[in-house]
Amino acid sequence: MRLTAEDLTTRARIRDAAIGLFGRDGFGPATVRAVASAAGVSPGLVIHHFGSKAGLREACDQHVLAQTASQGREKTDPGTARQLIQDYLNHPDQYANEIAYIRRSLGDESEAGDAFFDAVVRQTQDIIEAGIAAGTIRDFDDVRSTAVVVASNSLSMLMLGRHLSRALGADVAEPHGIGPELLRQLTVPALDIYTNGFYTDSRFLDSARDALQQDTINQGREHAP
């Protein structure tokens with residue numbers, strides 16, 4: 001994970017401590033005082049930099065989303081995607097806090113949690129559109145809905161990591177069941193499905209389109225005067 005000048009500042013140290021605590025303990029239980037202690041600063045300094053606990057969480061959201069956006073853009077290029085996979089396999093601990101934070105955000109039924117998911121979907125849509133422009137992703141009739149499907153599939157691994165590990169015989173002792181062993185087992189099957197599809201022909205797709213078209217016709221009849 002590449003560090004910027006910001007990552008060397010007190011503000012970044014507080015933010016990173018908060019990401020770790022929020023991911024481990026949850027947004028409610030983790031206090032400003034606990035974050036300050038983990039960062040080695042005073043609670044007053046936390047408030048000075050972020051204004052409030054809500055402001056601190058917003059900064060954590062922005063940082064984690066920026067990291068995932070950067071990694072997502074790398075996935076649109078085969079060469080850099082390879083490097084990203086190798087980097088995770090070689091240094092999985094560097095991603096543990098962010099993974100835990102994302103899990104907490106997605107499970108948090110609040111406006112902040114909703115905003116986080118919406119941001120992931122927007123990022124995914126941007127990635128798809130960039131891939132279409134680059135010629136590495138095929139064009140879709142409904143990019144927005146496709147982005148929701150892809151984002152949901154990707155995030156499900158974070159939410160269901162323990163169950164995926166159990167099903168595949170991977171190490172469930174890894175944080176949330178997500179570790180290099182699981183990635184090694186799932187990367188190629190996932191990309192194989194995205195690359196080659198799942199069905200051997202278009203009959204299922206054609207049937208679904210016919211059913212939806214008929215439903216639209218029926219809805220029109222019901223609302224006709």
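- For the pair Arg13/Thr10, a side-chain contact is recorded, criterion being any heavy-atom separation below 4.5 Å from C-beta on.
- Shown here for Ile137 and Ile128, the closest heavy-atom pair between the two residues is CD1-CA, 3.9 Å.
- Sorted by first then second residue, the ring-ring contact (aromatic ring centres under 6.0 Å, His included) pairs that include residues 115-134, not counting sequence neighbours, number zero.
- Considering only residues two or more places apart in sequence or on other chains, Asn218 meets the side chain to side chain donor-acceptor pair (under 3.5 Å) condition with Gln214.
- For residues 38-50, no pair satisfies salt bridge (Lys or Arg N to Asp or Glu O under 4.0 Å), with sequence neighbours left out.
- Between Asp126 and Glu129, some side-chain heavy-atom pair lies under the 4.5 Å cut-off.
- In this structure, the side chains of Lys53 and Val35 stay at 4.5 Å or more apart for every pair of heavy atoms.
- Evaluation of the ring-ring contact (aromatic ring centres under 6.0 Å, His included) test over residues 124-162, restricted to residues two or more places apart or in two chains, returns none.
- Looking at residues two or more places apart in sequence or on another chain, you find a ring pair (Phe, Tyr, Trp, His ring centres under 6.0 Å) between Phe27 and Phe22, Tyr101.
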Using atom types as modelled, flag every donor-acceptor pair under 3.5 Å from a side chain in residues 182-199 to any protein atom, sequence neighbours excluded.
from, atom 1, to, atom 2, distance (Å)
Thr187, OG1, Leu183, O, 2.7
Asp192, OD1, Asn196, ND2, 2.5
Thr195, OG1, Leu191, O, 2.6

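- Although no hydrogens or angles enter the test, the distance criterion places a donor-acceptor pair under 3.5 Å between the side chain of Ser42 and the main chain of Leu45.
- Rounded to the nearest 0.5 Å, atoms CD1 (Ile19) and CD1 (Ile102) are 9.5 Å apart.
- Interatomic distance, Ser105 OG to Leu65 CG, rounded to the nearest 0.5 Å: 8.0 Å.
- Every residue meeting the side-chain contact (heavy atoms from CB on, under 4.5 Å) condition with Ser52, not counting sequence neighbours, appears here in chain and number order: Ala54.
- The side-chain contact (heavy atoms from CB on, under 4.5 Å) check on Asp215 picks up Gln219, with sequence neighbours excluded.
- The shortest distance between side-chain heavy atoms of Val143 and Ile132 falls below 4.5 Å.
- When all heavy atoms of Ala151 and Val121 are compared, the closest pair comes out as CB-CG2, 4.2 Å.
- Of all non-hydrogen atoms in Leu21 and Ala38, the two that sit nearest each other are CD1-CB, 3.9 Å.
- The nearest pair of heavy atoms linking Asp61 to Ala112 is OD2-O, 4.3 Å.
- The shortest distance between side-chain heavy atoms of Asp16 and Asn97 does not fall below 4.5 Å.
- Screening residues 133-151 for salt bridge (Lys or Arg N to Asp or Glu O under 4.0 Å), with sequence neighbours left out, gives Asp141-Arg209.
- Counting all heavy atoms, side chain and backbone alike, Arg11 lies closest to His49 at NH1-O, 2.8 Å.
- Here the closest non-hydrogen pair linking Leu160 and Arg103 is N-NH1, 4.4 Å.
- Counting only residues at least two apart or on different chains, the side-chain hydrogen bond (donor to acceptor under 3.5 Å, both in side chains) pairs with a member in residues 106-123 are Arg57-Asp108, Thr68-Gln123, Asp108-Ser110.
- Partners of Asp201 under the salt bridge (charged side-chain N to carboxylate O under 4.0 Å, His left out) rule, at least two apart in sequence or in another chain, are Arg203.
- Among pairs with a residue in residues 24-36, none fulfils side-chain hydrogen bond (donor to acceptor under 3.5 Å, both in side chains), at least two apart in sequence or across chains.
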